[in-house]
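Structure first, commentary second.
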Amino acid sequence: MNSLDGQVAIVTGASRGIGAAVARLLAARGAKVVINHRASADASVALAAEIKAAGGEALVVQADVSVVEEAAALVKATLSAYGRIDILVNNAGTTRDNLIMMMKEADWDAVITTNLKSVYNCSKAVLRPMLKQRSGRIINITSVVGLSGAAGQTNYAASKAGIIGFTKSLAKEVGSRQVTVNAIAPGFIPTALTEVLPEEARQQAIAMTPLGRLGTGEDIAEAVAFFASPGASFITGQVLSVDGGLVMQ
Ligand code: NAP
């Protein structure tokens, strides 16, 4: 028996990159997976087909999770299709890097709303059914940058540090109903998000990583699957770095 048999998981921003790897693994472990995207419909439909071909269950739901009504609609669509929600993976994210003196207000706002407000929007929407069923797992994808900071990423680092404060606070609010809230801080993972960075940044990340390599979406997905698993039922309010040792707290 797979550890997530019969469970229902929403993965935000699952059309590619880390989110797609998470959706694949949760489905392989037996969860019915809701693949959320904002714009990449074709990739999401292809991923759902791949999961179904492998014997899993998946549903594609378009929603811009930075918009409160759309996040609520994502949760509503999940409940209509599957009747419950056990796992929420707040993964959707973006960057608009610049030094603060050059950073436009629109770039600050876009990153904060996409990365942080979306976590409020989706978490709040899933909490009603989770509190009622007295179980649930909320897993937030933060970043090592939220722990260490990074020049040129004040907006991104603030959003990711905000997710950590949110995670710990919500864990305290909902623990009595057996809903756990944890965060994962990935290191450098080659995806569309990081492909804009120069090769020099990639080599620098490898040099600073004790395990001597970049991560993969699967590395992050394994940690998500652990937090979602029955074995993690006594863990809440934690931030797990999955970064090859890049940042040690
Ligand atoms: P990615 O390949 O760019 O994927 C981002 C995903 O988020 C896409 O599926 C995108 O879908 C979706 N998305 C963006 N805005 C959205 C919105 N408003 N509503 C719904 N979906 C939205 O990025 P990634 O590297 O996999 O990153 C995933 C998460 O990991 C992010 O939170 C990121 O900050 C975090 N992270 C990444 C790294 C890394 O090195 N890659 C390191 C640390 C943390 P659409 O194309 O449809 O918009």
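In each ligand, atom 1 is the first atom listed, and ligand 1 is the first ligand listed. Hydrogens, waters and symmetry mates play no part in the numbers below; they use all other heavy atoms, side chains included. Please read all numbers here as calculations on a predicted model, not as lab measurements.
Contact check on Glu222 versus Arg29 returns a salt bridge, with a Lys/Arg side-chain nitrogen under 4.0 Å from an Asp/Glu carboxylate oxygen. A salt bridge links Asp219 with Arg213: the closest approach of a Lys/Arg side-chain nitrogen to an acidic carboxylate oxygen falls below 4.0 angstrom.
Thr191 places a side-chain N or O within donor-acceptor distance of the main-chain N or O of Leu193, the cut-off being under 3.5 Å. No donor-acceptor pair under 3.5 Å is formed between the side chain of Arg16 and the backbone N or O of Ala43.
Every residue meeting the side chain to side chain donor-acceptor pair (under 3.5 Å) condition with Ser66, not counting sequence neighbours, appears here in chain and number order: Asp64.
Within 4.0 Å of ligand 1, counting heavy atoms only, the contacting residues are Gly13, Ala14, Ser15, Arg16, Gly17, Ile18, Asn36, His37, Arg38, Ala39, Ser40, Ala63, Asp64, Val65, Asn91, Ala92, Gly93, Thr114, Ile141, Thr142, Ser143, Tyr156, Lys160, Pro186, Gly187, Phe188, Ile189, Thr191, Ala192, Leu193, Thr194.
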Stepwise side chain to side chain donor-acceptor pair (under 3.5 Å) test for Ser118 and Asn121: CA-CA 5 Å; Ser118 64; Asn121 289 343; over 6 Å; no
